[in-house]
> 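Supplied in structure tokens, the structure appears directly below.
Protein chains get the first letters and strands the later ones, always in sequence-line order, with residue 1 at the start of each.
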Protein chains: 4
Amino acid sequence: MCSRTRSRTRPGRPRSAEADTAILEATRAALVELGWSRLTMGDVATRAGVAKTTLYRRWNNKNELVVDAVAVLFDELRLPDLGSLQADIEDVVLQFAALLERPETKTALMAVVAESTRDEPLRERIRTSIVDRQKRLVLEGRQRAQERGELPEERDPATVEAVDDLIFDVVAGAVVHRALVSAEPVDQAWVQRLTALMLGGLTAAAEL
Amino acid sequence: MCSRTRSRTRPGRPRSAEADTAILEATRAALVELGWSRLTMGDVATRAGVAKTTLYRRWNNKNELVVDAVAVLFDELRLPDLGSLQADIEDVVLQFAALLERPETKTALMAVVAESTRDEPLRERIRTSIVDRQKRLVLEGRQRAQERGELPEERDPATVEAVDDLIFDVVAGAVVHRALVSAEPVDQAWVQRLTALMLGGLTAAAEL
Amino acid sequence: MCSRTRSRTRPGRPRSAEADTAILEATRAALVELGWSRLTMGDVATRAGVAKTTLYRRWNNKNELVVDAVAVLFDELRLPDLGSLQADIEDVVLQFAALLERPETKTALMAVVAESTRDEPLRERIRTSIVDRQKRLVLEGRQRAQERGELPEERDPATVEAVDDLIFDVVAGAVVHRALVSAEPVDQAWVQRLTALMLGGLTAAAEL
Amino acid sequence: MCSRTRSRTRPGRPRSAEADTAILEATRAALVELGWSRLTMGDVATRAGVAKTTLYRRWNNKNELVVDAVAVLFDELRLPDLGSLQADIEDVVLQFAALLERPETKTALMAVVAESTRDEPLRERIRTSIVDRQKRLVLEGRQRAQERGELPEERDPATVEAVDDLIFDVVAGAVVHRALVSAEPVDQAWVQRLTALMLGGLTAAAEL
DNA sequence: TACTAAACGAGACGGTACGTCCCGTCTTCGG
DNA sequence: CCGAAGACGGGACGTACCGTCTCGTTTAGTA
């Protein structure tokens with residue numbers, strides 16, 4: 001009945017919380033300096049002042065470690081309230097672009113996604129640690145826009161979710177593609193065009 | 001007669017053309033079976049019935065080899081003429097999605113893009129071998145739509161190019177993101193929504 | 001009354017005697033199954049149902065543990081009284097050979113001796129736990145033979161000790177070398193030859 | 001018919017002979033400094049200016065490497081001709097004792113013998129590389145002694161071999177046991193006693 | 001009966017070496 | 001000069017144990 005039942009305190013020496021944070025910080029530092037492919041577990045361990053075994057006790061491989069190390073950066077994204085949906089979106093897209101410019105994300109993100117095509121647990125970890133967590137931005141933005149009357153209310157919840165997902169893929173995908181594949185700057189002008197295209201599409205679709 | 005002749009037929013044994021195609025095929029086969037990260041140069045050489053030296057004589061490293069092996073697949077994309085822009089786009093997007101579903105592209109594409117963030121020559125090779133070659137689809141589609149009157153004529157060439165680039169990043173980015181990051185199916189329904197969003201946005205923008 | 005009492009019964013929980021015997025038994029079992037080099041402290045601890053800490057509280061390292069685990073086996077050697085020195089020696093040599101055939105001694109003995117060449121405390125432990133304890137057999141045998149008149153009395157105690165030591169090294173060394181280095185069977189015929197050689201040499205020497 | 005049939009010249013780059021000798025020398029140096037148990041493959045490779053893989057390409061493990069490194073030292077043993085069998089034996093036993101005192105053999109020999117109890121290929125390697133090669137000393141000694149008339153001729157070849165083997169085990173075993181187990185000096189006095197014991201035994205046995 | 005102090009199990013820790021895999025280069029021979 | 005074969009120096013991998021440590025939990029004798 002009381003909560004003491006489940007795994008009160010595990011026997012043995014508890015894991016060091018300091019080690020966790022030191023490792024994640026070291027991983028980000030190594031990503032900045034070396035990039036994904038030159039990052040090694042041994043180097044991360046040395047930077048963190050930790051034994052290699054301590055890394056492997058917590059993460060099965062380099063990919064999962066890097067996902068966790070990078071995931072936290074995405075939580076910094078904030079949807080501002082600048083008065084209009086267009087402005088809010090432009091701001092958060094620029095935040096996202098700035099994040100993708102950081103060397104620790106730029107190289108790591110694509111690499112783990114590439115690996116995830118062959119690694120189901122990794123894909124799941126990416127989804128829960130990064131993707132799903134950032135969908136909140138789309139959800140928030142749409143809800144606020146509807147309250148403001150900038151977007152029409154859509155009743156069918158399945159349609160709502162489908163549109164949210166579409167927006168997420170379009171915005172995130174376009175920014176990533178622009179930044180990493182096309183290797184062109186994600187500047188204010190481009191962001192304005194992207195946002196206009198998308199909002200135009202949304203309202204046009206709603207009027208049908 | 002002049003000294004240029006030596007470049008016409010160099011002395012010694014000429015390079016085997018068969019080796020080239022065997023290597024690229026072997027690379028694709030290895031990608032299918034092993035994925036990017038487990039693919040090794042030695043394995044490709046063995047599959048191709050070729051010595052490792054022969055690989056390195058033609059490509060500097062694994063990344064460039066894989067780009068060349070995969071690039072040719074993208075040339076299969078064709079913009080059909082189904083009568084309406086909407087239908088044409090939906091068709092080519094589905095072709096692109098099918099291409100991304102193939103294991104040899106799925107795993108390789110993101111990986112080389114990831115590497116390219118730290119490797120300028122590789123980025124250049126990706127751009128010329130893959131990216132720029134596929135922009136033709138956007139160009140073709142827009143021109144044909146304008147001829148049909150489905151899209152308004154835009155006079156300023158800089159704007160034209162900017163919009164073409166935007167469309168390319170949006171469509172390619174969205175599909176890639178949907179397929180590889182969100183790991184959701186790129187099915188007819190989703191493609192219709194994407195196309196509608198985009199065309200809606202384009203016409204809305206043009207009316208301003 | 002005086003402060004020496006604290007050494008009689010130390011405060012705190014006393015060490016478990018069961019643990020001691022369980023550990024030594026587990027060590028022998030592990031030697032049988034795995035041999036010296038694959039035996040690990042963690043494995044012994046698990047077999048004994050004991051924590052690794054408990055091992056290290058009692059023995060400084062693997063070598064000392066193994067010496068203690070094996071030493072007790074040597075105490076089983078008994079010099080029988082079969083009526084003649086030749087017969088007595090043959091019997092005890094065969095006992096010794098049988099002991100060396102057991103997998104827990106075969107693999108462990110040479111290994112700890114090898115380690116002892118670089119580890120003075122270990123050498124001392126081997127000497128006191130094994131070597132010196134078995135010299136009793138030579139001493140007993142010689143004394144009994146002299147009482148029986150099978151060997152002449154030697155007066156000089158230094159010579160006596162030197163000869164005892166020589167016999168010990170010759171017999172033990174020959175058996176070990178035959179069994180482990182030459183890897184030939186220590187059978188009745190060989191033991192007879194060895195014993196005859198030695199007794200012949202001893203009487204020949206005494207006649208000089 | 002011609003000798004070219006068997007493996008004339010294998011394809012590919014041939015193995016470096018310099019690497020072989022450098023590795024064996026480095027192994028002996030490491031044995032001197034570190035002893036058997038602290039010797040590591042990586043360290044040997046570094047000393048030899050060679051990659052670890054080069055070691056593993058030639059030897060399966062540390063044990064086999066050490067056997068080969070040490071074996072050559074035993075070939076230095078020479079049976080001198082000092083006029084009498086007793087003197088010859090004493091001399092070669094002292095050579096053997098001196099060899100066993102060298103740090104590279106002292107620690108390594110027992111260790112590989114210990115390992116060989118669980119490793120049949122290793123035992124075979126020890127036998128062919130070391131043991132059988134040194135039996136020549138016994139053979140030579142006996143033959144010369146018979147020519148000189150110091151030992152009676154024995155006709156039965158099986159008996160001859162059995163006695164040769166016995167002598168080998170007795171002498172080698174006694175010296176090793178004295179030096180490494182008893183850890184007492186193998187000095188002139190002790191060697192004289194050992195030789196006398198053995199020769200006495202041999203002649204006594206022959207007279208029966 | 002409670003206190004105290006050591007022993008206990010469990011298991012995380014920093015560290016070292018392992019033996020393997022692959023890299024990209026080189027050295028040989030034969031075509 | 002090309003190509004196969006394969007050895008080379010190098011570097012990272014992920015694993016296995018080492019011997020130590022830090023927990024919370026017994027288990028005595030003592031107060």
> Quiz question: going by heavy-atom distance under 3.5 Å, is there a donor-acceptor pair between the base of E:dG24 and the side chain of B:Lys52?
yes
> Spell out protein contact along nucleotides 25-31 of chain F as letters: B when the base is contacted, S when just the sugar-phosphate is, - when no protein heavy atom is under 4.0 Å; keep the 5' to 3' order.
-BB----
> Answer with yes or no whether C:Thr53 presents, from its side chain, a donor or acceptor under 3.5 Å of a partner atom in the base of E:dA10.
yes
> Applying the side-chain hydrogen bond (donor to acceptor under 3.5 Å, both in side chains) criterion to C:Glu33, which one of C:Arg47, C:Arg28, C:Arg38 satisfies it?
C:Arg47
> Can you measure from CZ (C:Arg118) to OG (D:Ser37) and round to the nearest 0.5 angstrom?
8.0 Å
> Quick one: does any side-chain atom of D:Ser129 pair with a main-chain N or O of D:Ala71 as donor and acceptor, under 3.5 Å?
no
> Please give, in whole Å, the distance from F:dA7 P to D:Tyr56 OH?
18 Å
> If you find the nucleotide of DNA chain F closest to D:Gly49 and the one closest to D:Pro11, which residue's nucleotide is nearer the 5' end?
D:Pro11
> Please report the distance, rounded to the nearest Å, between CG in B:Asp20 and P in F:dC2.
13 Å
> Output, in order, the C-alpha distance, side-chain angles, deciding distance and verdict of side-chain contact (heavy atoms from CB on, under 4.5 Å) for C:Val112 and C:Ile130.
CA-CA 12 Å; C:Val112 294; C:Ile130 302 184; 5.8 Å; no
> Would you kindly give the CZ-to-C1' distance between C:Arg57 and E:dA6, to the nearest whole Å?
8 Å
> Could you list by number each residue of residues 30-47 of chain C showing a heavy-atom separation from DNA chain E of less than 4.0 Å, or answer none if no residue does?
none
> Under 3.5 Å, is there a donor-acceptor pair between the side chain of C:Asp43 and the main chain of C:Thr46?
no
> Using whole Å, what does the distance between atom P of nucleotide F:dC2 and atom CG of B:Leu55 come to?
15 Å
> In whole angstroms, how far is the P atom of E:dC26 from the CD atom of D:Glu18?
17 Å
> Distance check needed: E:dC23 C1' versus B:Glu115 CD, whole Å only.
14 Å
> Return the 5'-most residue of the pair A:Asn60, D:Val50 with respect to DNA chain F, ranking by each residue's nearest nucleotide.
D:Val50
> Quick one: does NZ or CZ of C:Lys62 land under 6.0 Å from the six-membered ring centre of C:Trp36, within 45 degrees of the ring axis?
yes
> Side chain of D:Ser116, backbone of D:Asp119: donor and acceptor closer than 3.5 Å?
no
> Would you indicate what D:Thr54 reaches in the nucleic acid, counting non-hydrogen atoms under 4.0 angstrom: base, sugar-phosphate, or nothing?
sugar-phosphate
> Between atom CZ in A:Arg58 and atom P in E:dA12, what is the gap in whole Å?
9 Å
> Please confirm whether the backbone N or O of C:Glu104 pairs with a side-chain atom of C:Thr107, one donor and one acceptor, at under 3.5 Å?
no
> Is A:Arg15 close enough to E:dG11 that one of its side-chain N or O atoms is under 4.0 Å from OP1 or OP2 there?
no
> Taking all atoms of both residues into account, what is the closest heavy-atom pair of B:Arg58 and B:Ile23, and its distance?
CD-CD1, 4.2 Å
> To the nearest Å, give me how far apart CG (B:Asn61) and C1' (E:dT25) are.
14 Å
